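Written below as structure tokens is the structure these notes are about.
Both backbone and side-chain heavy atoms feed into the values below; hydrogens, waters and symmetry mates do not. Just so it is clear, the structure is predicted and the values come from calculations on it, not from any experiment.
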There are 2 protein chains.
Amino acid sequence: MVARRRLEAMEQNRSKLIAAGRKAFAAEGFAAASMDELTASVSLTRGALYHNFGDKAGLLAAVVAQVDGEMAARAREASAAAADGWERLLAEGAAYIAMALDPEVRRIVLLDGPAFLGDPSRWPSQNACLDATKRTVAGLIADGVMKRVDIEAAARLLCGAALNAALWVAASDDPQSVLPKAVHAFRLMAEGFLLGDR
Amino acid sequence: MVARRRLEAMEQNRSKLIAAGRKAFAAEGFAAASMDELTASVSLTRGALYHNFGDKAGLLAAVVAQVDGEMAARAREASAAAADGWERLLAEGAAYIAMALDPEVRRIVLLDGPAFLGDPSRWPSQNACLDATKRTVAGLIADGVMKRVDIEAAARLLCGAALNAALWVAASDDPQSVLPKAVHAFRLMAEGFLLGDR
DNA sequence: CGGTTGACATACGAGACGTATGTTATCTTC
DNA sequence: GAAGATAACATACGTCTCGTATGTCAACCG
């Protein structure tokens with residue numbers, strides 16, 4: 001407690017800053033968040049921030065990576081509970097829609113992330129949604145379940161549909177009542193990729 | 001030329017500011033654009049800006065409304081050229097994907113717009129993409145072409161898929177080669193909403 | 001044990017936004 | 001037709017923010 005190792009203390013400060021970033025960015029948005037207030041809220045100064053993350057966008061990238069990692073974990077849970085490969089794709093989609101109900105996810109990953117960090121597929125954290133969907137789609141095409149379509153195109157469309165539906169659900173007046181509508185429509189649309197008729 | 005009517009001059013200044021906003025926001029992004037430089041580029045000062053648009057976000061809203069209006073016009077053109085109702089939906093989707101190749105549309109309407117103005121469906125300009133798609137979907141359901149699904153949900157998913165695919169196309173290294181892949185995948189996915197099998 | 005390095009704090013400067021105040025041309029009203 | 005009122009800007013100011021440059025202190029190392 002008294003004499004911590006240097007790296008250990010540094011890692012602790014990084015965690016505190018990232019945690020403060022999640023709160024501030026989610027509450028006020030990236031642009032409006034003040035780095036002075038943010039760092040002071042964890043008893044540090046901007047010196048620590050610029051030393052660890054380079055600039056304000058660097059902290060955003062670190063926050064996005066953390067949230068994105070948690071999203072990937074939840075997606076894997078939903079995926080594991082599914083029976084076959086096709087149900088796995090649908091489960092992942094429903095999971096992403098549900099995840100976007102979290103204000104942190106919505107504001108940080110879906111709005112400010114693309115606006116201030118550029119295209120999600122070029123993030124260091126590699127956007128969990130896209131990555132998982134691409135793998136699932138690739139498997140379904142190989143198994144002859146899905147029509148032969150460009151993997152990245154299908155993944156982009158599916159993720160885009162899911163995340164956009166999620167933004168709608170979150171912005172609606174009664175999220176809980178429109179969520180099933182979104183999930184149902186997503187399922188129908190995804191079935192457009194199914195081979196045969198069933 | 002010499003003694004213009006008051007309202008006419010004011011409308012001209014508004015137009016100049018909006019035009020400057022389109023350039024600056026597209027080139028530097030909303031957050032990085034300086035209102036001093038922007039107003040000076042059309043021989044005005046920030047006084048004119050704050051008098052006409054209230055604040056910086058007000059100018060963004062005006063710019064978004066203008067670009068959004070142009071998008072709606074182009075969507076109507078694409079729609080009018082289509083044979084039946086279903087082809088009209090696909091044509092609109094393809095048109096939106098193509099439109100997002102324009103850096104102005106991408107940066108202003110798809111990235112900064114949602115981030116700084118909130119959910120597109122609550123914009124004063126009412127988001128052309130969403131609105132047109134909703135009308136088309138409603139017609140197709142009434143005609144028994146599409147499955148009975150929540151209209152807003154279907155429109156949101158279709159627009160989300162199209163716009164997200166567009167962001168992918170735009171961010172790719174060779175946009176012209178991936179665009180057909182995106183359009184093809186969009187068509188397949190939309191067919192999930194079709195009644196019957198063909 | 002003294003020098004060095006790294007992690008962080010502090011001080012500073014450059015802009016940027018929004019507002020409050022001033023200025024001028026146009027419109028109204030008697 | 002002239003004076004007051006109003007609208008459309010310009011100007012000046014204060015406050016905030018980010019990024020950097022400099023300072024400082026504890027931890028490490030030979």
Quiz item: Partners of A/A94 by side chain to side chain contact (heavy atoms under 4.5 Å, CB included), sequence neighbours excluded?
Solution: A/V183

Practice problem: Taking only heavy atoms on the protein side, list every residue of residues 18-34 of chain A lying under 4.0 Å from any atom of DNA chain D, sorted numerically. | Solution: A/A33, A/S34

Self-check item: Between P of C/dC12 and CG of A/D36, the distance in whole Å
Solution: 15 Å

Extract all donor-acceptor atom pairs below 3.5 Å that involve side chains of residues 167-175 of chain B and protein atoms in other chains or at least two apart in sequence.
| unit_1 | atom_1 | unit_2 | atom_2 | d |
| --- | --- | --- | --- | --- |
| B/S172 | OG | B/V169 | O | 2.7 |
| B/D173 | OD1 | A/R122 | NH2 | 3.2 |
| B/D174 | OD2 | B/S177 | OG | 3.1 |

Quiz prompt | Partners meeting salt bridge (Lys or Arg N to Asp or Glu O under 4.0 Å) with A/D119 (sequence neighbours left out) | solution = A/R156

Quiz prompt | Length of the line joining A/F116:CZ and D/dC18:C1', which is rounded to integer Å | solution = 14 Å

Self-check item: Value in whole Å for how far the P atom of D/dT6 lies from CE of B/M10
Solution: 17 Å

Quiz prompt | Euclidean distance, atom CZ of residue A/R14 to atom C1' of C/dG6 [Å, nearest integer] | solution = 15 Å

Quiz item: Applying side-chain hydrogen bond (donor to acceptor under 3.5 Å, both in side chains), which residue pairs with at least one partner in residues 144-153 of chain B are found, sequence neighbours left out?
Solution: none

Quiz item: For B/E104, which residues count as a side chain to side chain donor-acceptor pair (under 3.5 Å) partner, sequence neighbours excluded?
Solution: B/R22

Practice problem: Identify whether the distance between the nearest side-chain nitrogen and carboxylate oxygen of A/E28 and A/K23 falls below 4.0 Å. | Solution: no

Self-check item: Residues forming a side chain to side chain contact (heavy atoms under 4.5 Å, CB included) with A/A190, sequence neighbours excluded
Solution: A/W86, A/L90, A/L158

Quiz item: Can you tell me how far C1' of C/dG15 sits from NZ of B/K56, to the nearest Å?
Solution: 12 Å

Quiz prompt | A/D143: side chain to side chain contact (heavy atoms under 4.5 Å, CB included) partners, not counting sequence neighbours | solution = A/V145

Exercise. Could you tell me the separation between the CE atom of A/M35 and the P atom of C/dA16, rounded to a whole number of Å?
Key: 19 Å

Exercise. Tell me which residues in residues 44-54 of chain A put a heavy atom below 4.0 Å from DNA chain D, sorted by number, or none.
Key: A/R46, A/Y50

